[in-house]
Protein chains: 2
Amino acid sequence: MRIGELASQAGVSVRSLRYYEERGLLSSTRSASGQRRYTDDEVERVRFIQRLYAAGLSSRTIAELLPCVDSPSERNDDEGFERLTQERERIDRHIEELCETREALDRLIDANRAHRAQLAGGSPA
Amino acid sequence: MRIGELASQAGVSVRSLRYYEERGLLSSTRSASGQRRYTDDEVERVRFIQRLYAAGLSSRTIAELLPCVDSPSERNDDEGFERLTQERERIDRHIEELCETREALDRLIDANRAHRAQLAGGSPA
DNA sequence: CTAGAACCTGACATTGACGTCAGAGGCAAG
DNA sequence: CTTGCCTCTGACGTCAATGTCAGGTTCTAG
């Protein structure tokens, strides 16, 4: 499949795919004329990359742990494995923090709702 | 308290505090000579702003919902309240996604650990 | 009074993941 | 063979939060 097809299937821009390749996150074979060709598997790979971006990882970090994804057995890639566990912990802490923030917002929402209800009740219609 | 003091208490840079003021997230009184003065309350406010930044809100969005924080009763600020609930939902979805990503990483970690254990067992010492 | 720290404004620099444009070539349909 | 869409490389633009620097004022300690 060509780059436009992969882009639409994975839901990213063509620009992003070229950027991923530049950053070493994605590889492609080239046709005789130099156009990138991808296998169906790459769709999932791109979605996974997107997922990692959404979790706050940088392209550099993603590049470091992808070998661990591609060949968990090849050689025991200590660097990648370290990164993998580090990022797992980071995400864990981030979730914790987000939950606290969500609670703070919930309290604010409740407080505001109470005041609004009061106003509505105080001067109806 | 002056800006340097607030910065160190809240754990942010002086530059950031000036930026927050510029963006309407923080206000200050000025001394006769024009230096910013803050009350103790501002420490908590700055920490809360940081929390919102960490949750992925932009300064613009934060500015839109802060009125709702400052005066939940004043006038029923529909704009701010809307923003508040929107961001609450966004954070909720983000947490969901992060949890899924964490699970994906856990599976990867397990797979890698298994392979590493195998290697260790297969050729010991 | 004076040195040095802290403050002021204003402006330019940075970083990352892209968007966008230019100029050129590739490919399927008519 | 042409039309039109897709692709290529390379380069510059963007945006947001913040770093950093310059040139000047203010405050504090001795």
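Keep in mind that this is a model prediction, so the values were computed, not measured. Only this structure's heavy atoms are used, side chains among them; waters, hydrogens and symmetry mates stay out. Order of the sequence lines fixes the chain letters, A, B, ..., with proteins taken first and strands second; residue numbering starts at 1 for each chain.
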Atom pairs under 3.5 Å, N or O on each side, protein against nucleotides 20-24 of chain D: can you list them with distances?
residue	atom	partner	partner atom	Å
D:dT20	O4	B:Arg15	NE	3.1

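Residues satisfying the side chain to side chain contact (heavy atoms under 4.5 Å, CB included) criterion with A:Glu89, sequence neighbours excluded, are A:Asp92, A:Arg93. When the side chain to side chain contact (heavy atoms under 4.5 Å, CB included) test is applied to B:Ser27, no partner is found at least two apart in sequence or on another chain. In this structure, A:Thr85 has no side-chain hydrogen bond (donor to acceptor under 3.5 Å, both in side chains) partners at least two apart in sequence or on a different chain. Annotation: side-chain hydrogen bond (donor to acceptor under 3.5 Å, both in side chains) contacts of A:Glu42 (sequence neighbours excluded): none. In this structure A:Ala54 satisfies the side chain to side chain contact (heavy atoms under 4.5 Å, CB included) test together with B:Glu97, sequence neighbours excluded. In terms of the side-chain hydrogen bond (donor to acceptor under 3.5 Å, both in side chains) criterion, A:Thr39 has no residue partners (sequence neighbours excluded). Remark: A:Ser31 pairs with A:Ser33, A:Gln35, A:Arg37 by the side chain to side chain contact (heavy atoms under 4.5 Å, CB included) rule, at least two apart or across chains. Judged as a side-chain hydrogen bond (donor to acceptor under 3.5 Å, both in side chains), and not counting sequence neighbours, the contacts of B:Gln9 are B:Glu5.
Within residues 26-34 of chain A, the residues having any heavy atom closer than 4.0 Å to DNA chain C are, in order of number, A:Ser33. Taking a 4.0 Å limit (strictly below) on heavy-atom distances, residues 35-46 of chain B reaches DNA chain C at B:Gln35, B:Arg36.
In terms of position on DNA chain D, the residue among A:Glu21 and B:Arg2 whose nearest nucleotide sits closer to the 5' end is A:Glu21.
Look at A:Arg45 and A:Asp40 and you find no salt bridge, because none of the NZ, NE, NH1 or NH2 atoms lies under 4.0 Å from a carboxylate O.
A:Glu21 and A:Ser28 share a donor-acceptor pair across their side chains, judged by distance under 3.5 Å alone.
Annotation: ring-ring contact (aromatic ring centres under 6.0 Å, His included) contacts involving residues 16-44 of chain B, sequence neighbours excluded, comprise B:Tyr20-B:Tyr53.
Applying the 4.0 Å criterion to OP1 and OP2 of D:dG19, one finds that B:Tyr19 has every side-chain N and O outside that range. In this structure, B:Ser16 reaches the D:dT18 phosphate: one of its side-chain N or O atoms is under 4.0 Å from OP1 or OP2.
B:Arg60 comes within 4.0 angstrom of nothing in the nucleic acid, heavy atoms only.
Atom CD of B:Glu22 is separated from atom P of C:dG10 by 10 Å (rounded to the nearest Å).
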